[in-house]
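Take a look at the structure set out below.
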There are 2 protein chains.
Amino acid sequence: MPTTQNCSHLSIKQLRQVCSSCNLSSLCLPVGLADEDLKRLDALITKRRVINKGETLFQIGDKFERLVAVRSGAFKTFVSDADGEQAIIGFHLPGELLGFDGITSGQYQVSAQAIETSSICEIPFNELLTFAAKMPSLQRQLLSIMSQKTMPDIAVRLNNSAEQRLASFLLGLSKRFKNCGYSESEFNLPMSREDIANYLGLAPETISRLLSHFQADGILEINRRHIVLHDFRRLQIIQCSDH
Amino acid sequence: MPTTQNCSHLSIKQLRQVCSSCNLSSLCLPVGLADEDLKRLDALITKRRVINKGETLFQIGDKFERLVAVRSGAFKTFVSDADGEQAIIGFHLPGELLGFDGITSGQYQVSAQAIETSSICEIPFNELLTFAAKMPSLQRQLLSIMSQKTMPDIAVRLNNSAEQRLASFLLGLSKRFKNCGYSESEFNLPMSREDIANYLGLAPETISRLLSHFQADGILEINRRHIVLHDFRRLQIIQCSDH
DNA sequence: TTGCTTTCCTGATCTAAATCAAAATACGGC
DNA sequence: GCCGTATTTTGATTTAGATCAGGAAAGCAA
């Protein structure tokens, strides 16, 4: 039962690029779906695209029609305040979904920009809902993903010091990289110091200084964007300790 | 088709207390539901309870089985850090839903406590899902509510000054009170200065001082918990203006 | 290569808000 | 009513992190 123009024309070759053969198939939507459900979901994913570094995926106010799954690369989402400065809302790594904020109003509430050259899957939302109504496991999965997004990031807890925020941020990134199959202790930061600072509500200079201190203390090694985490325990202590 | 023990025994009197006759019926879940759907939803709401000020509604780790709709009063949700200090995640006013954070793991991820004597409706989640699968409008409504919760509160934007945060917080409260039928310009703060400070990542003394300044500037009048907003325009300017 | 731009680092000063301290006011129990 | 406790206000001091400033390293185009 094809519900889009494309579905009925998907070749075997195209199908190989969708969920059931995706190396992130344990993430995104398919988690916990039965094989037969997964195959039906595959038919929904009409388009896979590459977005170059710096390119905009969607902007505030754009019509919301689809969710986006990150296959590789990374995105940031942000709003722009009065004087054009952007306030970064979040970063999005492989296996994660973007665009949920558009559901209520039918328009995206944030802008999304690739911070690395990235590849994505687009998922038509209305058709996804139609499927979800027939697939209890998918319905629950959708709600589950959104429920996770309602929990605030402890890295941006207001009461936390700069040290605590950065430690939380690094541990969070590490966990997410591990989650999508990369090393948890060695990776490239997809974002600039300035973007980290913006996200954490700190000055870029503060990020630089703290990274230098962490390195001097042997907690991690950092060179440009390349980071190696040595002492998780110590990061966790910093994350929790007051002031 | 009663799916709970109670449904089949609901008296007319009890039914008067549920959604279709609730003075908040335009909020919570029923928004946009057709009359017949609404009647079926009513059958789900098995229990209405009163929670006294200071009482705990649920705690982190409690088994998640139901969502909670606030009918009157107010709640705070929070997590407790290492040394027992609580970090307030949010406040919940009449017409708003709590508990979504429990979906993924089946356990609440925050604790919820009444900050005023409150009355609530409890909604069994699994049965709600069963209904949602049959009611596309309810399914969408659920996702829509959750999507709104994924947008961070600008009051707690890290880059914002204390003034900006408090102005945003007051405007946000005002909007929410208006939304559930109360005055937007005159209301009682349901929470203490300390709780406001905690939520906004500031010291209670800072809240006190700022409220005094706002009052001295004629922006508002405040006496204990009772507040009258006089100059919305000026609050909006403060909310936006940098530093 | 050279020059230009962007990103990042490090030090010196400054400031918004925390902390410390103490008084004033409101509230709950008896 | 009264007293004891908790909350709020106001002032004085301190400090974490911002801002200002200059330089070093990396990336990129011609």
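Lettering follows sequence order; numbering is per chain, from 1.
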- Rounded to the Å, how far apart are B/Glu163 CD and C/dA18 P? 13 Å
- Query: Is the shortest side-chain N to carboxylate O distance from A/Glu96 to A/Arg176 below 4.0 Å?
  - Reply: yes
- Message: What's the separation between atom CD in A/Gln109 and atom CD1 in A/Ile103, rounded to the nearest 0.5 Å?
- Response: 11.0 Å
- Note on the structure: Whole-Å distance, A/Asn223 CG to D/dA26 C1', equals 10 Å
- With distance as the sole test, does B/Arg165 use its side chain to make a donor-acceptor pair with the main-chain N or O of B/Val156 at under 3.5 Å? no
- By nearest-heavy-atom nucleotide on DNA chain D, the more 5' of B/Thr206 and A/Gly201 is B/Thr206
- Task: Look at all strands and tell whether B/Leu211 reaches a base, only sugar-phosphate, or nothing, counting heavy atoms closer than 4.0 Å.
- Result: nothing
- Item | Nearest-Å distance for atom pair NE2/P, residues B/His213 and C/dA16 | 13 Å
- Task: Could you please name the option among D/dA18, C/dA17, C/dT10 that lies closest to any side-chain atom of A/Ala203?
- Result: D/dA18
- Query: For the side chain of A/Arg224 and the base of D/dG27, is some donor closer than 3.5 Å to an acceptor across the two?
  - Reply: no
- Query: Hey, does A/Ile207 reach any base, or is it just sugar-phosphate, or nothing, if we go heavy atoms under 4.0 Å?
  - Reply: nothing
- Query: Rounded to the nearest Å, what distance is computed from the CZ atom of residue A/Phe214 to the P atom of nucleotide C/dT10?
  - Reply: 14 Å
- Find the distance A/Asn160:CG to C/dA18:P and express it as a whole number of Å. 14 Å
- Which part of the nucleic acid, if any, lies within contact of A/Ser192, taking any heavy atom under 4.0 Å across all strands shown: a base, the sugar-phosphate backbone alone, or nothing? sugar-phosphate
- Message: What contact category does A/Arg225 fall into here, base, sugar-phosphate, or nothing, at under 4.0 angstrom with non-hydrogen atoms?
- Response: sugar-phosphate
- Query: For B/Arg193 and C/dT25, what is the distance between atoms CZ and C1' respectively, to the nearest whole Å?
  - Reply: 12 Å
- Message: Under 3.5 Å, is there any donor-acceptor pair linking the side chain of A/Arg209 to the base of D/dT19?
- Response: yes
- Item | Atom of B/Cys121, atom of B/Arg71 and distance for their closest heavy-atom approach | SG-CD, 3.6 Å
- Item | Protein-nucleotide distance (A/Leu189, atom CG; D/dA26, atom C1'), rounded to Å | 16 Å
- Query: Between A/Ala162 and B/Ser208, who's closer to the 5' end of DNA chain D by nearest nucleotide?
  - Reply: B/Ser208
- Query: Does the distance from a Lys or Arg side-chain N to an Asp or Glu carboxylate O, for A/Arg49 and A/Glu122, drop under 4.0 Å?
  - Reply: yes
- Query: Given atom NZ of B/Lys53 and atom P of D/dA6, what is their separation to the nearest angstrom?
  - Reply: 14 Å
